[in-house]
Amino acid sequence: MVDDERDGVRLTSLDAPLGDGLEVTKGELVDHLDAFADRLVPQLAGRPLSVKRVRPGQEPFMQRNVAKGAPEWVRTVPVWSYGAHREVHQVLCDDRRTLLWLANQRAVEFHVPFSRAGEEQPTGIVLDLDPPEGAEFGVVVQAAELVRRALADAGLAGAVKTSGSKGVHVVVPVRGADFEDAAAATRALAARAAALDPDLATTAYIREDRHGRVFLDSTRSGSSTIVAAYSPRIRPELPVSAPVSWADLPSVRPGDVTVRTAPERLGDGDPWTALLPGPQELPADLVAEGHTIPVARVQAMHEGRRRARARRAEAGE
Ligand code: ATP
Ligand code: MN
């Protein structure tokens, strides 16, 4: 077994398969994360990290709580987990050695919120575009163009990256907004973008209401997370969430950039930082409009109950 040590971090079994069906070695993951450390760490620093890990013979798993036996230099922050009903201690990946330590645990995906630990204002908002089952990637590109137009109409600009999985993320750096207002603006932008072409895109949270349209998900802002640019995804050959200019978007396909092709495709620079506009103030009318739009998750819950009642009534119960 090939072992190594970098930055004082012991790296083990680098020639072993990373996980089932991934077609890469653990060393290839480590080398990718190390090569992009200077571009990944600034996105992760200060933000409670969730990682998705793999192990041969196991299903991938999302991990928020820091792994047992972490070295004392790994920084963590206590965060209340509503799902787990307990406090978890999440890693703050503030430097290369923490990234390497995580890499050695086969942490493949790096997910962070749009806010730093202890800060009350988000640094950005995101529209998460998900293609319908079996669709060509081209429809996601078209939907991203709708978002771009809705942003431009509101005097805003964003940058786009592939998720590394099926869809794309449009990210808008913001300043001066609290979580509620940022979430509202995200809802309004999704609604305005979908209204530009209601046959192509939808904000319907309930899957059966989407009818083959691209889903513009406005619920990923706030304390929820998005995968970082340059993070690999747990799919064969480890495709990477790749920044792409608006001009190049029509010719992009998911899976173009993998841990193997990233150095050549993305170069030594930091296209994500280069493409991201500066932090912008959210227009008051956009925020106000968003506050009139119900939160999708809550609305879907009420709608689910209403439909269940209707079905029961129809069945004569
Ligand atoms: P795809 O292109 O396949 O949609 P994605 O990364 O956008 O890939 P989504 O399911 O759309 O995946 O979710 C968007 C983001 O929300 C993810 O990048 C992730 O950070 C977060 N997320 C989604 N599901 C979970 C989960 N079960 N636990 C934690 N975070 C999640
Ligand atoms: Mn998505």
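We count ligands from 1, going down the list as the structure has it; atoms in each ligand are counted the same way. Below, all heavy atoms of this structure are taken into account, side chains as well, without hydrogens, waters or symmetry copies.
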A student comparing His111, Met62, Arg220 should find that the heavy atom closest to atom 24 (N) of ligand 1 comes from Arg220
Note, Asp4 side chain near Leu14 side chain (heavy atom, < 4.5 Å):
yes
Identify the heavy atoms of Ala143 and Leu200 that sit nearest to each other, and give their distance.
N-CD2, 3.7 Å
Kindly indicate whether a cation-pi arrangement holds for Arg97 with Trp73, taking the cut-offs as under 6.0 Å to the six-membered ring centre and within 45° of the axis.
yes
Hey, which atoms in ligand 1 end up nearer than 4.0 Å to a heavy atom of Asp130?
4 (O), 11 (O)
I'd like to know: is the Mn ion (ligand 2) within the 2.8 Å range of an N/O/S atom from Asp217, strictly under that distance?
no
Considering only heavy atoms, which of Val227, Asp128, Val112 lies nearest to atom 11 (O) of ligand 1?
Asp128
Atom 12 (O) of ligand 1 has as its nearest protein heavy atom Arg233 NH2, 4.3 Å
If you look only at pairs with a residue in residues 29-49, which of them pass as a ring pair (Phe, Tyr, Trp, His ring centres under 6.0 Å), with sequence neighbours excluded?
His32-Phe36, Phe36-Tyr230
Asp130 atom OD1 and Asp128 atom OD1 as seen from the Mn ion (ligand 2), angle to 10 degrees:
100°
Within the protein, is there a heavy atom lying under 4.0 Å from atom 27 (N) of ligand 1?
no
Decide whether Ser245 and Asp248 meet the rule of one side-chain donor and one side-chain acceptor closer than 3.5 Å.
yes
Does Arg265 form a side-chain hydrogen bond (donor to acceptor under 3.5 Å, both in side chains) with Thr258? I'd like the steps, not just the answer.
CA-CA 9 Å; Arg265 295 293 301 263; Thr258 68; over 6 Å; no
Say you draw a straight line from CZ of Arg106 to CZ of Arg55; how long is it, rounded to the nearest 0.5 Å?
8.5 Å
Which ligand 1 atoms, with their elements, are less than 4.0 angstrom from a heavy-atom of Ser165?
1 (P), 2 (O), 3 (O), 8 (O)
Sub-4.0 Å atoms of ligand 1 with respect to non-hydrogen atoms of His169
5 (P), 6 (O), 7 (O)
Should one rank Ile226, Thr225, Val126 by closest heavy-atom distance to atom 21 (C) of ligand 1, which comes out on top?
Thr225
